[in-house]
4 protein chains.
Amino acid sequence: MDNFYAPGRNHLFVPGPVNIPEPVIRAMNRNNEDYRSPAVPAMTKTLLEDVKKIFKTTSGTPFLIPTTGTGAWESALTNTLSPGDRIVSFLIGQFSLLWIDQQQRLKFNVDVIESDWGQGANLQILASKLAGDAAHTIKAVCIVHNETATGVTNNLHAVRKILDNYGHPALLLVDGVSSICALDFCMDEWGIDVALTGSQKALSLPTGMGIVCASPKALEASKTAKSVRVFFDWNDYLKFYKLGTFWPYTPSIQLLYGLRAALDLIFEEGLDNVISRHNRLGTATRLAVDAWGLKNCTQKEEWFSDTVTAVVVPPYIDSSEIVRRGWKRYNLSLGLGLNKVAGKVFRIGHLGNVNELQLLGCLAGVEMILKDVGYPVKLGSGVAAACAYLQNNVPMITSRI
Amino acid sequence: MDNFYAPGRNHLFVPGPVNIPEPVIRAMNRNNEDYRSPAVPAMTKTLLEDVKKIFKTTSGTPFLIPTTGTGAWESALTNTLSPGDRIVSFLIGQFSLLWIDQQQRLKFNVDVIESDWGQGANLQILASKLAGDAAHTIKAVCIVHNETATGVTNNLHAVRKILDNYGHPALLLVDGVSSICALDFCMDEWGIDVALTGSQKALSLPTGMGIVCASPKALEASKTAKSVRVFFDWNDYLKFYKLGTFWPYTPSIQLLYGLRAALDLIFEEGLDNVISRHNRLGTATRLAVDAWGLKNCTQKEEWFSDTVTAVVVPPYIDSSEIVRRGWKRYNLSLGLGLNKVAGKVFRIGHLGNVNELQLLGCLAGVEMILKDVGYPVKLGSGVAAACAYLQNNVPMITSRI
Amino acid sequence: MDNFYAPGRNHLFVPGPVNIPEPVIRAMNRNNEDYRSPAVPAMTKTLLEDVKKIFKTTSGTPFLIPTTGTGAWESALTNTLSPGDRIVSFLIGQFSLLWIDQQQRLKFNVDVIESDWGQGANLQILASKLAGDAAHTIKAVCIVHNETATGVTNNLHAVRKILDNYGHPALLLVDGVSSICALDFCMDEWGIDVALTGSQKALSLPTGMGIVCASPKALEASKTAKSVRVFFDWNDYLKFYKLGTFWPYTPSIQLLYGLRAALDLIFEEGLDNVISRHNRLGTATRLAVDAWGLKNCTQKEEWFSDTVTAVVVPPYIDSSEIVRRGWKRYNLSLGLGLNKVAGKVFRIGHLGNVNELQLLGCLAGVEMILKDVGYPVKLGSGVAAACAYLQNNVPMITSRI
Amino acid sequence: MDNFYAPGRNHLFVPGPVNIPEPVIRAMNRNNEDYRSPAVPAMTKTLLEDVKKIFKTTSGTPFLIPTTGTGAWESALTNTLSPGDRIVSFLIGQFSLLWIDQQQRLKFNVDVIESDWGQGANLQILASKLAGDAAHTIKAVCIVHNETATGVTNNLHAVRKILDNYGHPALLLVDGVSSICALDFCMDEWGIDVALTGSQKALSLPTGMGIVCASPKALEASKTAKSVRVFFDWNDYLKFYKLGTFWPYTPSIQLLYGLRAALDLIFEEGLDNVISRHNRLGTATRLAVDAWGLKNCTQKEEWFSDTVTAVVVPPYIDSSEIVRRGWKRYNLSLGLGLNKVAGKVFRIGHLGNVNELQLLGCLAGVEMILKDVGYPVKLGSGVAAACAYLQNNVPMITSRI
């Protein structure tokens, strides 16, 4: 039998990988297929068309790369930039930190704008840097839409406006790993040049597909970008797109069918309804945190994340113990605090294929764990606050009689 | 895509069919096999040995019949009794009613002992009937261990003692459909002659296997029982048991592998731990009902069921609307009130492969629904009461580091 | 890991249970659901409509019973007949024998017309019995459409004509277990009163659903039939059909979704194309048997079965050893000879979701086994004969580019 | 329903992706999990130990990278070499060509030793190059063990001996994509420095895991290798190996459980038995090709591949039409001829989880297709030749009674 089995469902509330819907698990439950038969290209063609919808783009070119978010980052950078290029990058938490580390190791000249963990990107500093860059030495602005480590959502539209204010031609590269399919994301409207996500996040698939979407400007940049790349080279994809066979190397048949099913579910629910659901779950979680008397790691409401909430624990509690208790006593998987906030926050991921009662079960679990570890929580208080909001806001399930 | 799809997990809290554990779903995800190969009998042999453990019997003979609980009833009756035989049967709710209906249609002479719905079997009347039956005209006593319609658990041990007090040889036939694998059930110790359950209840499998266990006395009775039977005839099984091929007709390969996995999970958790878990969930549910200011349909604590709780709603509320709301707004499946209690109760099934946070999610959902339909519940109150109890009583998951 | 594992696919060529198509396995890969929610009745309604198509009936009433073929037999008999009723039944092999045994144990007065195993039903004797039955004491004629033990297909249309010739009102009850969905079957046109099959045969599902279809005349008969029945009583189904909830007891959710997928596949291929495919596979198998110099158990071409071929081995070979070798050396599952033909024939089931190359692999395996056991077969001869036919007759797969 | 559905099994005989065993499909049929829980590292630890066995190494360090074979190539090269490094690489077919293309684009100085397609690596030229390289300017020798495009297996042991003869310190980098787990592969004994494969080949998993194994010497080289790399950097893995959390970024939970099951099956059968099975299937295929009067693309017996056979068609036939027919008429997936041999060869992949009767079905299909396209094949001839060999050589399945 499975190692570490415990009765009942595992309550998976890490901010990724997330719960896979049963119809998607079913769609992937299959043997391999010849990816050079007519069937796979036919399916790929419609997938490439449909996946653009989750980026809200019509002009973008998507790539479905057999990799993770880290690989998707590398794809975005190496296809558009050359070693030594100056890029501006925001450091606001562990995942922006890791991306910056990658940017540096890929030999870019990274101009880091750092904020306290719990704050969003400092756009004023961006503005001043752009203001001082009449020579357009800045080739790209890199930003994480939603910092998964702190639960901070940056305002991408504002970034675009600043770039436009200065008429600055820098590319805008966006990590949408924990936002796309969950938060509003308007690639075309916001002038994003490369957007990317991973299959195991709000798309609610297994890990293994990095989804990258390039604007026409980004594609143009790829023609002159000198970064060495082969596996991640968009050109190899574009060559096979033209041939109509689509794949420069073997894709995962199972993930293709899984993506088909995942997109179908999202379109059936309606992408905007999916986004509203995430807002409901995020709001409910924040109300619970307030009711517990705890602080959100995110320092201002404008940065609140609807996909992950990092909860600050009192100094006398080790947040890792909360996560350990969840796993060990309640079959609940919470996110650890990472790096600077290790031991100080635990994270509740509320993204992907999850609904209200699942979240409420999680919140009830968190209350019991808080009590377990000695925090004087009033049991039921967070759930009550969340319920009061949800009971007024959950819509009827329209697909049901 | 699936009809009636809604995001996130369906919260399945009907008292059967219940949630199937993922390892069991996996075990059944397979092609058919030749059931006459050496593999299937080898597996069947160990299944028949192991399934006896869930009845706590060493002397019983189990039958794994491709049927439902209704078919298992028919198997129990027709193999042990002859048309016209007098049997005593307790009517305490919809499922005991349906069994009595079957008994009558199978031409037995049924002596019904009726209780109010919400009460347990009236054992005093049984005692007086036995007292008056020196001639042993009563051939069997039929009792539902746990009446799923009202959430009433009968005391089987007490029934046995009464039979013993009068030295009465009547067979004791027990419907354990919503009890076996969830409530304490001691076939040998309590002198039960036929015990039965269905795969889709606490065993947490799909529907399709009626599991019947016969004591030596019941097997002996089957030699002279004159009820007409073929499909349900134990003799056909016993003939193939002797041959070592085990199956008089084609079994479901998938359910056999599923049963193997289900038993493995139960033994890994420990049957007594499974039973304790059900007691925890039942207790937590009852505490929530109290906190909501609602009544349990079960009239006395001695009959409280740890597998299903029927909650009485105020007269101005239609309980069916509560069930409809659960389905339509919160992806929550609750049990309807049946027959006499239709519209008056809704049922929370807390049996099978379910854990604490799943139940708490359900209870939070019920609170919101109660508010939806106009009952002045204090949101969070039931969850708080349940959490207060659970936080003190949930054990660590011992299989986990 | 799985017991008795061997590398590669198991080559499943028993005449049931048969290979389940991958899309059907996927459809059944799911958790349980509340069968009282609106979703299950809605699906059931369309299933009941669609399942009529595999019987080629518009006037019939289908029942999807959680049972096996043996239970479906019992359902057909007990709902239409009364104990003591005279029925005419054909004994031509093991499965007709078992049905007759059931008929006798259910207390009918069975008038058996026996043929040699390998021959079809003796219709002349039927004619003479009907001729002598001006009083209409014969209440039913029971016939197995395709005797799975010998690979004999009876001519149902001819039976109907004989009944009509004599204007005889006897019900015509047909076991279509190894024929429906594979051989032409025209319930309405041939005036069949009860037709039945099992899910694990040509429908290519797991075992567990007995599918019974009753003509209006059979339904009428059920109103007066006095056979004792509860689990198998059509009336309980009809009552719930009227209510629109459809199920008198819990169905297998997985089999319902599986049936939906199985019917969709059959309709996508086209039922008549499915039947043609079975004819091709049957023909190819018979050509191989000829090429091996072996005899078909079926004595005349008019009775040849397109779903199973029973191959007669020379007296110096034990056919059970052929089956054992298939399993033990080539991961091939063949059917044993049963009862009178035990040791004398082995059976190749070529029904359900199977295609030409699968069959050719099986035939190649049989050739090697024949050589293994000392039969002087020319290796490749059967495959060559089958290929010569198939290469001229396999159509292009129209669903493919 | 599925697009392009056809009845029965798809006969998947491309040289990858290959058939996934049912137990592996089952193992992957699961929800996501938190990869930071204690369960995933515990499983990873045993996977890393066990995966070394398929390389026959005890001193190697394995990496399970979420990528394809192309990514595994890049991982091998960039971790051990610096831009401008001279490497010797053999060009013998499409996959060695693609690897060389990658080597060049990664800015290495590639010294190509070309052979006719259908021949193995020219080791004499290697010897002369090494002889002339007293200065050890050659940093690595790159070789594809089994060229999947032509069905040519190179002699790795001979390569090692030549390197040793000259006492040359060049690293030996080996693409074992279509060999490891199918052909004998002795990483330690043959002094291989980096060996790599992809999950969708002989391991019989879905695509998505590149498995790379580095010798101590390769690890040492990685400390000074200057190729820019982040996603593929071994160092990131090694850092997490030390921490005991193992993953620098999110792995596919499903592939981890799938790998566990795949290794279990291989060890249960016995790796050497797996290799023997591939030899049997390869031999049988070559005998069939001979019997058809066709030529093997592989020009000498010493290079014959036991995992893929490229069959040369007469000039008047387009081999692509053979592949198209297989798909369109017989639900058979064969490999196309690639690049130089496009239209001239078709390929039969006989690797991974496949057995004798599956292959024989494929061979029978190929015979019919050959006839379809006008080649005067004698139907049955190839199958007869293969059967004559197999019937003498297939062992009993020892796991079976």
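Predicted, not measured: the structure shown is a model, and the values here were computed from it. Proteins get letters first, then strands, A, B, ... in listed order; numbering begins at 1 in each.
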Item to complete: Report the option among Met209(D), Glu33(D), Met28(D), Arg9(D) that has the most heavy-atom pairs separated by less than 4.5 Å from atoms of chain A.
Response: Glu33(D)
Item to complete: Evaluate side chain to side chain contact (heavy atoms under 4.5 Å, CB included) for Arg36(A) paired with Val14(D), printing each intermediate quantity in order.
Response: CA-CA 9 Å; Arg36(A) 293 295 183 213; Val14(D) 296; over 6 Å; no
Response to the item:
Highest number of heavy-atom pairs under 4.5 Å with chain D among Pro251(A), Pro21(A), Gly208(A) belongs to Pro251(A)
Item to complete: Check whether Leu12(A) gets within reach of chain D through its side chain, its backbone, both or neither, counting any heavy atom under 4.5 Å.
Response: side chain
Worksheet item: Looking at CG of Leu334(A) and OG of Ser37(D), how far apart are the two atoms once the value is rounded to the nearest 0.5 Å?
Response: 12.0 Å
Item to complete: Could you tell me which portion of Leu98(A) (side chain, backbone, both or neither) has an atom closer than 4.5 angstrom to a non-hydrogen atom of chain D?
Response: neither
Discussion item. Heavy-atom pairs under 4.5 Å with chain D: which of Asn19(A), Val228(A), Asn10(A) has the most?
Written reply: Asn19(A)
Fill in: Contacting moiety of Ile65(D), where chain A heavy atoms sit under 4.5 Å
neither
Item to complete: Just give me the residue among Gly16(A), Pro248(A), Pro66(A) that pairs up with chain D most often, heavy atom to heavy atom, under 4.5 Å.
Response: Pro66(A)
Worksheet item: Is the closest side-chain heavy-atom distance between Ile25(A) and Arg30(D) below 4.5 Å?
Response: no
Item to complete: Flag the pair Arg105(D) / Asp236(A) as yes when at least one side-chain heavy-atom distance between them is below 4.5 Å, and no otherwise.
Response: yes
Item to complete: Answer with side chain, backbone, both or neither: which region of Arg229(A) has an atom nearer than 4.5 Å to a non-hydrogen atom of chain D?
Response: backbone
Discussion item. Looking at chain A, which one of Ile253(D), Thr250(D), Asp101(D) has the largest number of heavy-atom pairs inside 4.5 Å, strictly under?
Written reply: Thr250(D)
Worksheet item: At their closest point, which heavy atom of Tyr35(D) faces which heavy atom of Pro17(A), and how far apart are they?
Response: CD2-CD, 3.9 Å
Practice prompt. Measure the CG-CZ distance between Asn29(A) and Arg26(D) for me, rounded to the nearest 0.5 Å.
Written response: 10.0 Å
Discussion item. Please check this pair: side chain of Asn32(A) against backbone of Val18(D), looking for a donor-acceptor N/O pair closer than 3.5 Å.
Written reply: yes
Worksheet item: Which pair of non-hydrogen atoms, one from Ile20(A) and one from Asn31(D), has the smallest distance, and what is that distance?
Response: N-OD1, 2.8 Å
Worksheet item: What's the spacing between Gln102(A) CD and Asp233(D) CG if we round to 0.5 Å?
Response: 11.0 Å
Worksheet item: What distance separates Leu255(A) CG from Gln254(D) CD, expressed to the nearest 0.5 Å?
Response: 8.5 Å
Discussion item. The test is ring pair (Phe, Tyr, Trp, His ring centres under 6.0 Å); show your working for Phe232(A) and Phe231(D) and say whether it passes.
Written reply: CA-CA 10 Å; Phe232(A) 290 118; Phe231(D) 180 76; 5.5 Å; yes
Practice prompt. Please look at Thr67(A) and chain D and tell me whether the side chain, the backbone, both or neither of the residue comes under 4.5 angstrom of a heavy atom of that chain.
Written response: both
Discussion item. For the interface with chain D, which of Ser199(A), Ser333(A), Ala42(A), Pro206(A) has the highest count of heavy-atom pairs at distances below 4.5 Å?
Written reply: Pro206(A)
Practice prompt. Report yes if the side chains of Val230(D) and Leu106(A) come closer than 4.5 Å at any heavy-atom pair, otherwise no.
Written response: yes
